[in-house]
Amino acid sequence: FRLVVPAARAGFLRLSGQPEELSFDKPTAFLGRRQTEPKSVSVARLEFDPHVEGEHAGLTVFMSPAYHYDVVKVLEGGQTFIQLVNQVSDMRMVAAQFPVVSGPLFLRIESDGRHYYFSYATTAGSWLPLGSGDAQLISSEIADVWSGAFLGMFSVSPEPARISPADFDWFEYQATR
């Protein structure tokens with residue numbers, strides 16, 4: 001199987017969703033970078049039209065499989081949504097959910113050292129807030145990992161035979177003051 005298909009669409013990174021959520025020990029379609037500054041902004045442009053119930057793709061602040069915050073485009077109940085998902089230990093919560101139409105989305109994660117702030121846009125620069133997450137709840141000390149957080153793109157598809165490609169036009173990470 002192929003998790004990342006860089007040449008599938010010129011100029012885009014294509015992630016082929018796998019049935020497993022973000023994981024250390026199972027195949028996961030994820031590409032990210034370590035968060036090296038406490039204050040940063042990560043932005044990506046995503047083209048993804050899910051066709052399978054539960055299929056989702058987006059950006060994550062990933063500390064471990066049980067500790068991460070995700071902003072995703074997802075198909076649920078036959079409708080497409082943008083969601084903010086908080087995974088803290090054994091508690092998984094959809095903190096925000098709004099319907100979205102087919103087409104590209106801009107996804108953004110900002111951090112100020114204490115919180116992560118999540119937003120999305122259908123046109124560049126017209127950000128709509130989704131919510132926030134406490135950085136301490138997914139810290140290395142709480143998650144019992146020493147690696148630090150990663151910010152990146154990922155895709156999940158519960159039916160690998162019917163994967164909808166998640167095409168990322170670009171991803172940008174920038175330290176802020």
Side-chain angles (χ1 to χ4, degrees), residues 15 17-35 38-44 46 48-102 105-122 127-159 163-164 166 168 171 173:
L15 294 180
Q18 298 301 299
E20 298 296 328
E21 292 288 338
L22 294 166
S23 174
F24 284 148
D25 59 353
K26 296 180 181 158
T28 303
F30 168 82
L31 182 63
R33 66 154 318 208
R34 183 174 311 286
Q35 182 180 2
K39 297 179 181 180
S40 66
V41 177
S42 296
V43 183
L46 169 66
F48 175 64
D49 288 314
H51 295 93
V52 175
E53 191 74 14
E55 195 169 39
H56 56 282
L59 289 182
T60 184
V61 179
F62 179 79
M63 183 63 72
S64 76
Y67 294 89
H68 53 92
Y69 296 126
D70 310 325
V71 55
V72 297
K73 187 174 186 181
V74 62
L75 180 67
E76 285 189 356
Q79 190 171 0
T80 306
F81 297 96
I82 185 80
Q83 292 180 340
L84 171 57
V85 180
N86 298 348
Q87 175 72 51
V88 178
S89 187
D90 62 350
M91 296 179 290
R92 182 178 176 87
M93 177 181 82
V94 175
Q97 175 175 283
F98 298 100
V100 291
V101 295
S102 182
L105 285 177
F106 298 86
L107 308 174
R108 181 173 68 177
I109 301 172
E110 295 179 76
S111 64
D112 65 8
R114 296 185 51 164
H115 294 91
Y116 292 99
Y117 302 93
F118 303 87
S119 54
Y120 75 101
T122 55
W127 297 109
L128 301 167
L130 286 166
S132 63
D134 188 330
Q136 288 183 318
L137 293 179
I138 62 167
S139 68
S140 294
E141 297 81 10
I142 300 295
D144 198 26
V145 295
W146 60 270
S147 63
F150 283 82
L151 294 150
M153 305 160 284
F154 76 105
S155 179
V156 174
S157 181
E159 295 183 34
I163 295 171
S164 303
F168 290 88
F171 171 83
Y173 172 89

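For H115, there are no side-chain hydrogen bond (donor to acceptor under 3.5 Å, both in side chains) partners at least two apart in sequence or on another chain.
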Acceptor/donor pairs from residues 68-80 side chains to any protein atom, 3.5 angstrom cut, sequence neighbours excluded:
residue	atom	partner	partner atom	Å
H68	ND1	D70	OD1	3.0
H68	ND1	D70	OD2	3.0
H68	NE2	P65	O	3.2
Y69	OH	D134	N	3.2
Y69	OH	D134	O	2.8
D70	OD1	T60	OG1	2.6
K73	NZ	F48	O	2.8
K73	NZ	D49	OD1	3.4
K73	NZ	G103	O	3.0
E76	OE1	Q83	NE2	3.3

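Taking every heavy atom of both residues into account, F168 and A44 meet most closely at CD2-CB, 4.2 Å. The two atoms that bring A166 and A57 nearest to each other are CB-CB, 3.6 Å, heavy atoms only. When every heavy atom of T122 is checked against every heavy atom of F106, the shortest pair comes out as O-CE1, 4.0 Å.
How far OG1 of T28 is from CZ of F154: 10.0 Å, rounded to the nearest 0.5 Å. Here the straight-line distance linking atom NE2 of H51 with atom CD1 of I163 works out to 13.5 Å at 0.5 Å rounding. From L130, atom CG reaches atom OG of S119 across 7.0 Å, with rounding to the nearest 0.5 Å. Note that CZ of F118 and CG of L59 are 9.5 Å apart. Values are rounded to the nearest 0.5 Å. Here the straight-line distance linking atom CD1 of I109 with atom CG of L84 works out to 9.0 Å at 0.5 Å rounding.
Counting heavy atoms of neighbouring residues, nucleotides and ligands inside a 6.0 Å radius, atom CZ of R33 exceeds 12 of them.
In this structure, V94 and F81 have side chains that are not in contact, with every pair of non-hydrogen atoms separated by 4.5 Å or more. The shortest distance between side-chain heavy atoms of Y116 and Q35 falls below 4.5 Å. Proximity of R108 to V43: side-chain heavy atoms (C-beta onward) are separated by under 4.5 Å at one or more points.
A distance-only check finds no donor-acceptor pair linking the side chain of E159 to the backbone of V52 [under 3.5 Å]. Between the side chain of S155 and the backbone N or O of A29 there is no donor-acceptor pair closer than 3.5 Å. E53 places no side-chain N or O within donor-acceptor distance of the main-chain N or O of E55, the cut-off being under 3.5 Å.
Between F62 and F30, the angle of the ring planes lies from 30° to 60°, which puts this pair in the tilted group.
For the side-chain hydrogen bond (donor to acceptor under 3.5 Å, both in side chains) criterion with S111, the lone passing option out of S132, S42, S40 is S40.
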